[in-house]
Amino acid sequence: MSEETKLHANEGIKTRSNYLRGTIADGMSDLSTGGLASDDLQLIKFHGFYQQDDRDIRAGRRKHKLEPAYSFMIRIRVPGGVATSAQYLEMDRLAGQYGNGTMKLTTRQAFQFHGVIKTNLKRTIKEINDTALDTIAACGDVNRNVMCNPNPYLSEIHAEVLELSKNINSHLTPATRAYHELWLNGEKVITSEETEEPIYGKTYLPRKFKIAIAVPPSNDVDIHANDLSFIAIADENGKLAGYNVSVGGGMGSTHGDDKTFPRLADVIGFCTPEQAVDVAEKVVLVQRDNGNRVDRKFARLKYTINDRSVEWFLAELNKYLGYDLQPAREFVFEDNGDRFGWTQDSRGMHHLNLFIEGGRVVDTEDYKLRTGLVEIAKIHDGDFRLTANQNIMIGNISAEKKPQIEAILEEYKMSESHVKSAMRLNQIACVALPTCGLALAEAERYLPTVVTDLEEVLEENGLRHDAVTIRMTGCPNGCGRPFLAEIAFVGRGPNKYNLYLGGGHAGDRLNKLYREALPDSKIRETLEPIIKDWAQNRLDGEHFGDFVIRAGYISATENGNDFHKNQPENVAEFA
Ligand code: SRM
Ligand code: SF4
């Protein structure tokens, strides 16, 4: 077998695609189907959208021999999660006009529309670009939306980390003209590999690549789930000294395949603010040249590093850089949640972090969240900041504007949005059913019910205000970063979840499987005695994730390789 034939099929698709063009243009003009050709389905991800079908009605359409109800999910990149009010209003309009009338605020500070049909795709992408946001590289084997902390305690650092996230974002955006040609009526120009993709080359990266910037003590961007992170380090005057660099984090795994695992990132050194973009580029290049292009299951940077070693990676990176990273500096993370409610920064500006359950912006009968946010955007001259926990912050509100915004919050019953149990405020649920083609079970539509059940237990035990991170995903790909939560449910099949316990409260320790394929009807009775025990026997301030380890319910996961080891003996009780 030649080297070429051993490569994963997607490598061939990328190579033949002429820098992400493929036959997308032809497919778009074929109105005999609502979908696109199968090779192009891999390429459209680089343009920021996925073909999906409504799984709630899939079986019915199959029975009537109808094509699946194809539509497209579009992901909009928002570097650092910061959008202007004008951009927010446009996102809302487009979600209503071309999407299903809701927006999903994602775990990577992006907007997502669901339900856009093929004939509306081009105009939707064009109109997104008219707002100075875009969709290119929102998905695909390239660097994705760069995250950063939306509301650091050291507020003057925010401008700098936001700037860095924008700079890295644009530096690592694919250079191909295909996006402009296909969606923005760009003219075809003859180009060479050097001008088409100077960083990526024609086969791009082996797999997706993710970057985040954290500002301690908050780890809200969950650096341990990212391929590369920059951890802002302040000097003794609170000014930015530079960044610790961490690499090799990731969540995705496959049920029943112990060779796959989530992995915590390793902190490998420190760089100056001026070096950060160069470091990002060179980390990407080391992965481009060494990542696994044969088996996509093992193609993320976490496996490249795990298969060789952290020391190997650092030495290689230093070679690509032409200088050495400095030794890492001290830092402490306290939590990975959001700071809800009003905060005021050192310049006197106000910020309001609102809780958005499941990240879904929607109007319901008794809660007109979507309309309320639009009314705020109409008068707000600051910004809207999406958080990595699927919430939204109304940022940079002046003292003069605050009363007007408070009046709108009152009118739309939003002022109390974050007056909830600390568990509810620390939840994340991925999209899952009905749109995600990979979901094995519900997540966004079901986690609120589980939390309501557990809130009763917390209330009875005086724990309403004790934060516990709780996350649910419809499958082990890990889009809600479940393996970093103190309690996590990962879809195993309809109404069945693997239950994981013992993640670090700051997202700094992986959890471990406690019960396999637990029926949803058993969730409360499984967790209730453990929560009671925590209430009665915890040490002062001890977090749930630490307690379950000390009390012997689960052993600690020290690194990705022991994620599958030392599970409780009765882990498979329900499997
Ligand atoms: Fe994800 C695939 C949704 C964050 C790991 N993810 C998908 C797809 C596109 C399903 C598919 O491939 O057909 C989901 C679309 C569902 C839908 O209907 O919208 C999807 N992922 C999401 C979002 C929207 C979840 C959410 O509810 O917020 C998040 C969008 C982020 C963004 O704006 O870019 C999202 N996905 C994540 C994260 C969390 C993060 O990055 O912080 C992870 C885990 C971190 C990581 O990458 O290791 C994640 N998604 C995956 C994976 C597994 C990757 C792996 O290395 O194994 C897949 C499947 C794949 O790539 O093959 C996946
Ligand atoms: Fe879909 Fe699985 Fe990601 Fe949830 S975790 S959005 S079910 S791929």
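From a predicted model like this one, the values you see are computed outputs, not experimental measurements. Each ligand, and each atom within it, is numbered from 1 in the order the structure gives. Along the sequence shown, the residues carry numbers beginning at 1.
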#### Entry: Sub-4.0 Å atoms of ligand 1 with respect to non-hydrogen atoms of A110
33 (O)
### Task
Look at atom 31 (C) of ligand 1 and find which of K45, R108, R55 reaches it with the closest heavy atom.
R108
#### Entry: Atoms of ligand 1 close to Y50 [distance to a heavy atom under 4.0 angstrom, numbered from 1]
9 (C), 11 (C), 12 (O), 13 (O)
#### Entry: Residue and atom name of the nearest protein heavy atom (relative to atom 11 (C) of ligand 1), distance in Å to one decimal
L438 CD1, 3.5 Å
### Message
Quick one: does any side-chain atom of H255 pair with a main-chain N or O of G491 as donor and acceptor, under 3.5 Å?
### Response
yes
### Query
So, is G437 polar-close to ligand 1, with some N/O to N/O distance under 3.5 Å?
no
### Query
Of the listed options (R207, R296, M147), which comes nearest to atom 60 (C) of ligand 1 when hydrogens are ignored and any heavy atom counts?
R207
### Message
Under a 3.5 Å threshold, yes or no: a donor from one side chain and an acceptor from the other, between N100 and T102?
### Response
yes
### Message
Quick check against the 3.5 Å criterion: does N290 have a side-chain atom that pairs as donor or acceptor with the backbone of V286?
### Response
yes
#### Entry: Passing candidate, side chain to side chain donor-acceptor pair (under 3.5 Å) with R300, options N306, T260, N292, D227
D227
### Query
Do Q112 and T106 have side-chain N/O donor and acceptor atoms under 3.5 Å apart?
no
### Message
Can you confirm whether or not the ring centre of F111 sits under 6.0 Å from the ring centre of F113?
### Response
no
### Query
Between the side chains of Q390 and Q427, is a donor N or O closer than 3.5 angstrom to an acceptor N or O?
no
### Query
Quick check: does S253 get an N/O under 3.5 Å from an N/O on ligand 1?
no
#### Entry: atom 41 (O) of ligand 1 [closest protein heavy-atom partner, distance rounded to 0.1 Å]
K210 NZ, 2.8 Å
### Task
Hey, could you give me the CE/CG distance between M147 and D220, rounded to the nearest 0.5 Å?
8.0 Å
### Query
What atoms in ligand 1 come closer than 4.0 Å to a heavy atom of M73?
15 (C), 19 (O)
### Task
Examine Q109 against ligand 1 and note whether any of their N/O atoms are separated by less than 3.5 Å.
no
### Task
Return the residue, atom name and 0.1 Å-rounded distance of the protein heavy atom closest to atom 14 (C) of ligand 1.
C436 SG, 4.0 Å
### Task
Give me the one residue out of F563, F261, F483 that meets side chain to side chain contact (heavy atoms under 4.5 Å, CB included) with T557.
F563
### Task
Between R75, R300, K104, Q52, flag the one that comes closest to atom 22 (C) of ligand 1 by a heavy atom.
R75
### Query
Considering only the protein, which heavy-atom contact is closest to atom 24 (C) of ligand 1, and what is its distance?
Q112 OE1, 2.9 Å
### Protein heavy atom at shortest distance from atom 58 (C) of ligand 1
K208 NZ, 3.3 Å
### Atom indices of ligand 1 within 4.0 angstrom of G250 heavy atoms, with elements
48 (O)
## Note on the structure
With Y88 as partner, the option from L386, D383, L373 fulfilling side chain to side chain contact (heavy atoms under 4.5 Å, CB included) is L373
#### Entry: Residue of the set R296, R288, R207, Q42 for which side chain to side chain donor-acceptor pair (under 3.5 Å) holds with D141
R296
### Task
Using the six-membered ring wherever Trp is involved, compare the ring planes of Y446 and Y497 and label them parallel, tilted or perpendicular (cut-offs 30° and 60°).
parallel
### Query
Does the side chain of T473 come under 3.5 Å of the side chain of R481 through a donor N or O and an acceptor N or O?
no
### Task
Please check if any side-chain donor atom of Y179 sits under 3.5 Å from a side-chain acceptor atom of D134, or the reverse.
no
### Task
Classify the ring geometry between F49 and W183 as parallel (under 30°), tilted (30 to 60°) or perpendicular (over 60°).
perpendicular
### Message
Are P174 and I136 packed together at the side-chain level, in the sense that at least one heavy-atom pair is separated by less than 4.5 angstrom?
### Response
yes
### Message
At a cut-off of 2.8 Å, what protein N/O/S atoms sit near atom 1 (Fe) of ligand 1?
### Response
C479 SG
### Message
Need the ligand 1 atom indices (1-based, order shown) with element for anything under 4.0 Å from a heavy-atom of T435.
### Response
17 (C), 18 (O)
### Query
What is the closest protein heavy atom to atom 48 (O) of ligand 1, and at what distance does it sit?
M251 N, 2.7 Å
### E516 and its side chain to side chain donor-acceptor pair (under 3.5 Å) partner, picked from Q567, R492, K496
R492
### Task
Heavy-atom contacts with Q390 under 4.0 Å: which atoms of ligand 1 show up? List them by number with element.
26 (C), 27 (O), 28 (O)
### Task
Find all atoms of ligand 1 within a distance of less than 4.0 Å from any non-hydrogen atom belonging to A429, and give their numbers and elements.
27 (O)
### Task
Keeping waters out of it, list the protein N, O or S atoms under 2.8 Å from atom 2 (Fe) of ligand 2.
C475 SG
### Task
Using a strict cut-off of less than 4.0 Å between a Lys/Arg side-chain nitrogen and an Asp/Glu carboxylate oxygen, indicate whether K104 and E444 qualify as a salt bridge.
yes
### Task
Number the atoms of ligand 1 from 1 as they appear, then name those within less than 4.0 Å of a heavy atom of H114, with their elements.
17 (C), 18 (O), 19 (O)
### Query
Is the shortest distance from a Lys or Arg side-chain nitrogen in D53 or R62 to a carboxylate oxygen in the other one below 4.0 Å?
no
### Nearest neighbour in protein (non-hydrogen) for atom 33 (O) of ligand 1
T106 OG1, 2.6 Å
### Query
Can you tell me the protein heavy atom closest to atom 57 (O) of ligand 1 and the distance?
G252 CA, 3.5 Å
### Option among E197, K14, E11 that satisfies the side chain to side chain donor-acceptor pair (under 3.5 Å) test with Y204
E197
